[in-house]
Amino acid sequence: MQKELGKSYDPKQVEDKIYQIWEDSGYFNPDNLPARHKKPFTIIMPPPNANGSLHIGHALFVTLEDIMIRYQRMQGRKALWLPGADHAGFETQVVYNKKLEKEGRSFWEIPREQLYEEIKKFTLDNKQYMEGQLRKLGASCDWSREKFTLDEDIKKVVYETFKMLYDDGLVYRAERPVSWCTKHQTTLSDLEIKHEERQDKLYYVNYQLEASGENIEVATTRPETIPADIAIAVHSKSKWRKYIGKNVINPINGQKLPVIADENVDPEFGTGALKITPHHDPLDFKIYNDHKGEIPGKPISVINQYGKLTEAAGKDLAGFKVKDARVKAAEILSASFSKEPEDYTHQVSVCYKCGTTIEPRVMMQWFVKMTEKSINRETEKQRNRETSLRDLAVDAVKSKKIKFIPHRFEKIFMHWMKNLYDWNISRQIVWGIRIPAWYHEPKCIPKVGHEGDVVKCKEMVISETEPKCEFCNAKFVQETDVFDTWFSSGQWPFATLMTTKKGDFEKYYPTDVMATAYDILFFWVTRMIMFGTYRTKKAPFHTVYLHGLVRDKDRQKMSKSKGNVINPLEVADVYGTDAVRMALVIGTTAGNDPIISEDKIRGYRNFATKIWNASRFVLMNYRELKAKPKFTSADKKNLKDLQTAKKKITAYMDKYDFNHAAETAYHYFWHTFADKVIESSKDRLRSENEADTAAAQSVLLEILGESMKFLHPFMPFITEEIYQNLPNKRKSLIMIAKW
RNA sequence: GCGCGCUUAGCUCAGUGGUAGAGCGUUUCAUUGACAUUGAAAAGGUCGGAGGUUCGAUCCCUCCAGCGCGCACCA
């Protein structure tokens with residue numbers, strides 16, 4: 001007979017041992033599953049940022065995905081859960097920057113190569129630590145296929161995609177207005193910008209008309225940029241229309257500025273006249289570009305990368321920080337004010353990491369075209385050239401090839417897709433994948449060749465390795481900018497499967513479910529859909545399951561500074577991983593923020609104890625009997641209730657409603673099986689009537705065994721441990737037992 | 001400004017076109033018996049407000065109020 005279960009369940013005694021058994025079994029790798037497992041079921045794990053340790057949010061997605069994988073594995077699917085880690089470019093660099101600050105070292109004084117190596121070590125250490133944590137959480141992922149976003153083969157795929165996009169005209173390099181963080185010294189994408197309400201002044205400045213006493217009144221919040229003004233724009237129907245085509249005088253430096261007409265200027269807002277400062281405002285840049293012919297001046301920049309005014313701003317302003325320069329400029333301009341400055345509340349762009357005001361600058365950067373069709377830069381092979389990246393993604397969702405859980409995110413997705421601008425993918429940071437573009441150095445000077453043709457070297461080449469110029473000996477230097485992390489992680493589903501085992505891509509792609517937090521819907525999910533359909537012509541997954549952000553019992557986001565963080569590994573250590581997993585799943589619906597407290601976890605620890613003791617009771621009372629069981633009508637009803645519960649749970653599982661599946665399992669086990677079935681069996685187990693005892697025993701054993709199975713995806717450790725102690729079971733793992 | 005949600009028991013949240021559910025908490029009782037990390041029972045809600053559709057609405061529609069979130073180049 002099997003060994004007796006201990007007096008109480010001790011997760012510490014069980015969890016590591018069980019995980020080891022699973023891992024040794026090889027079944028995490030779908031290729032090793034028994035023959036009954038046929039159709040693949042694939043989840044690519046959202047690779048956690050390798051710049052810290054796992055927090056409760058990670059524990060949530062790990063639990064959800066492990067539930068899906070374990071369920072599908074038991075259902076006979078060839079279940080692949082592919083783990084990974086993300087180098088998380090900018091995020092990690094910010095973390096490392098802070099670490100250096102604490103150590104009293106200066107980020108900016110460390111040479112690029114050294115910094116890269118230091119961050120690499122830091123990241124790899126974290127990565128290794130996190131792998132251990134994933135094991136603790138019970139993640140049944142295939143470690144043999146683990147990938148890291150900086151693996152050489154992954155980088156190769158990313159380079160290829162970049163080249164394809166470039167050849168298709170969907171990637172371009174241009175001088176355009178971008179968002180610059182003066183603290184982190186890099187540009188950021190639109191998504192990395194937050195908007196903050198600020199109290200500022202709105203200044204009303206007179207720009208005097210040339211050779212006239214008349215003025216155009218301009219409202220501005222940024223008088224310090226007036227030296228970079230290049231024109232004044234008014235709406236063709238505004239009160240200023242009579243001045244269109246004339247010149248005004250720049251009130252700071254006396255230069256002549258043409259008055260132009262542009263319909264983007266709202267005649268109702270401010271004074272109805274807009275100063276055009278192309279290098280310090282994106283709208284101004286656009287207006288300037290539309291009116292280049294009418295504007296004689298060249299746009300200049302008067303603010304440098306540190307947010308200080310340059311010489312070009314004039315000696316009165318040069319050297320001042322923007323904020324101080326504004327005060328200074330106001331002083332200089334006071335004679336030109338048409339009225340007193342007003343208090344003005346408006347939204348200002350800030351860096352999402354440090355809150356520093358974003359400085360719009362015009363810089364040479366790399367962009368991905370989101371809304372335009374490709375232009376067939378080369379002519380051969382067909383890719384998805386007929387449509388834009390946006391349309392690829394929108395079509396995938398519209399055609400139901402991809403569906404969202406919960407459904408409402410489909411609307412949010414569409415809304416975001418509607419308002420898309422080109423995506424700046426270059427970052428001036430060290431930690432990341434260098435953009436594989438090489439520039440001819442020095443700049444190519446066209447010369448006459450042998451046949452009299454003008455030979456012009458290629459100024460820029462897209463290449464993984466250093467190219468050679470076909471005409472001269474000049475060196476090519478590599479772009480120093482690196483990719484926005486999301487450019488590479490947006491390729492994760494296919495990049496991983498293209499670089500694991502041979503045949504994996506064909507077998508496991510497209511994947512099934514992408515489960516991740518809703519806050520990276522735009523950063524990540526949309527990009528995966530775009531790049532996935534672009535490169536493979538298939539939607540990378542059919543279901544997007546979006547979960548919420550874990551909050552504490554007062555609905556607060558967890559953060560170290562608030563001191564309300566629940567470390568999943570710490571509480572798992574106290575209450576057991578199974579309890580933490582249950583607490584994360586029950587009461588949590590897709591798309592909503594789960595609320596977790598230690599009390600809640602304690603409650604499910606109690607449930608684990610209940611499971612343990614009910615099992616103990618069943619096994620303690622089990623004895624070999626020769627008598628044939630004689631089932632009573634109550635037995636039959638109990639077995640029928642079991643089937644009903646199983647069906648209900650299965651239906652919830654298939655709907656990705658893990659909350660209700662878990663709750664049903666919990667409720668059935670505790671309040672039906674333990675409270676009713678077990679209670680009513682007590683007398684019968686001690687009865688002289690062996691046929692009746694046998695019936696009672698076999699009902700208990702049957703229900704216990706089945707319960708362990710339907711609880712297994714949620715509480716993998718305790719259920720496996722008990723399953724291994726059941727009599728009359730083949731010595732296999734519950735992990736691959738038939739659902 | 002545009003968009004998406006939420007408002008149900010003291011708390012945290014589920015849920016359904018047909019006289020409201022769970023967990024925790026509260027109250028009472030029981031218990032040396034697999035489990036005090038227990039069991040039995042109870043109290044507790046006019047399902048945010050006002051209209052409408054319907055035989056019937058907490059659930060569908062409209063409006064209102066409060067709250068939350070996302071997007072956003074009005075100087």
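Just so it is clear: chains get the letters A, B, ... in the order the sequence lines come, proteins before strands, and each one is counted from 1.
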Work out how far the [atom1] atom of [N] is from that of [M], and round it to whole angstrom.
| N | M | atom1 | result |
| --- | --- | --- | --- |
| B:rG56 | B:rC63 | P | 23 Å |
| B:rA20 | B:rA43 | P | 15 Å |
| B:rG1 | B:rG18 | C1' | 43 Å |
| B:rG39 | B:rG33 | P | 16 Å |
| B:rC73 | B:rC64 | P | 28 Å |
| B:rC6 | B:rA40 | P | 35 Å |
| B:rG15 | B:rA22 | P | 15 Å |
| B:rC24 | B:rC59 | P | 29 Å |

For the side chain of A:Asn250 and the backbone of A:Ile226, is there at least one donor-acceptor N/O pair under 3.5 Å apart?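 Confirmed, A:Asn250 side chain pairs with A:Ile226 backbone.
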
message: Taking A:Pro258's backbone N and O only, do any of them form a donor-acceptor pair with A:Glu294's side chain (distance below 3.5 Å, no angle check)?
response: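 No: the side chain of A:Glu294 does not pair with the backbone of A:Pro258.
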
Would you indicate what [X] reaches in the nucleic acid, counting non-hydrogen atoms under 4.0 angstrom: base, sugar-phosphate, or nothing?
| X | value |
| --- | --- |
| A:Ala674 | base |
| A:Asn621 | nothing |
| A:Asp266 | base |
| A:Ile412 | sugar-phosphate |
| A:Thr589 | sugar-phosphate |
| A:His671 | sugar-phosphate |
| A:Val218 | nothing |
| A:Asn659 | sugar-phosphate |
| A:Leu521 | nothing |

What is the 5' to 3' range of RNA chain B, first to last nucleotide, that sits under 4.0 Å from any heavy atom of chain A?
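Counting from the 5' end, contacts occupy B:rC2 to B:rA75.
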
Going by an N to O cut-off under 4.0 Å, is there a salt bridge joining A:Glu196 and A:Lys194?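 Salt bridge: no.
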
Problem - Test: A:Lys646 and A:Glu702 ion pair at under 4.0 Å - result: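 Answer for the salt bridge query: no.
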
Q) Under the criterion side-chain contact (heavy atoms from CB on, under 4.5 Å), which of A:Ile232, A:Thr271, A:Val205 is the partner of A:Ile216? A)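 Among the candidates, only A:Ile232 passes.
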
query = With a 6.0 Å cut-off on ring centres, are A:Tyr204 and A:Phe337 close enough?
reply =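 So the answer is no for these two rings.
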
Test side-chain hydrogen bond (donor to acceptor under 3.5 Å, both in side chains) applied to A:Asn592 - qualifying residues, sequence neighbours left out:
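A:Asn592 satisfies side-chain hydrogen bond (donor to acceptor under 3.5 Å, both in side chains) with A:Arg408, A:Thr589 once adjacent residues are dropped.
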
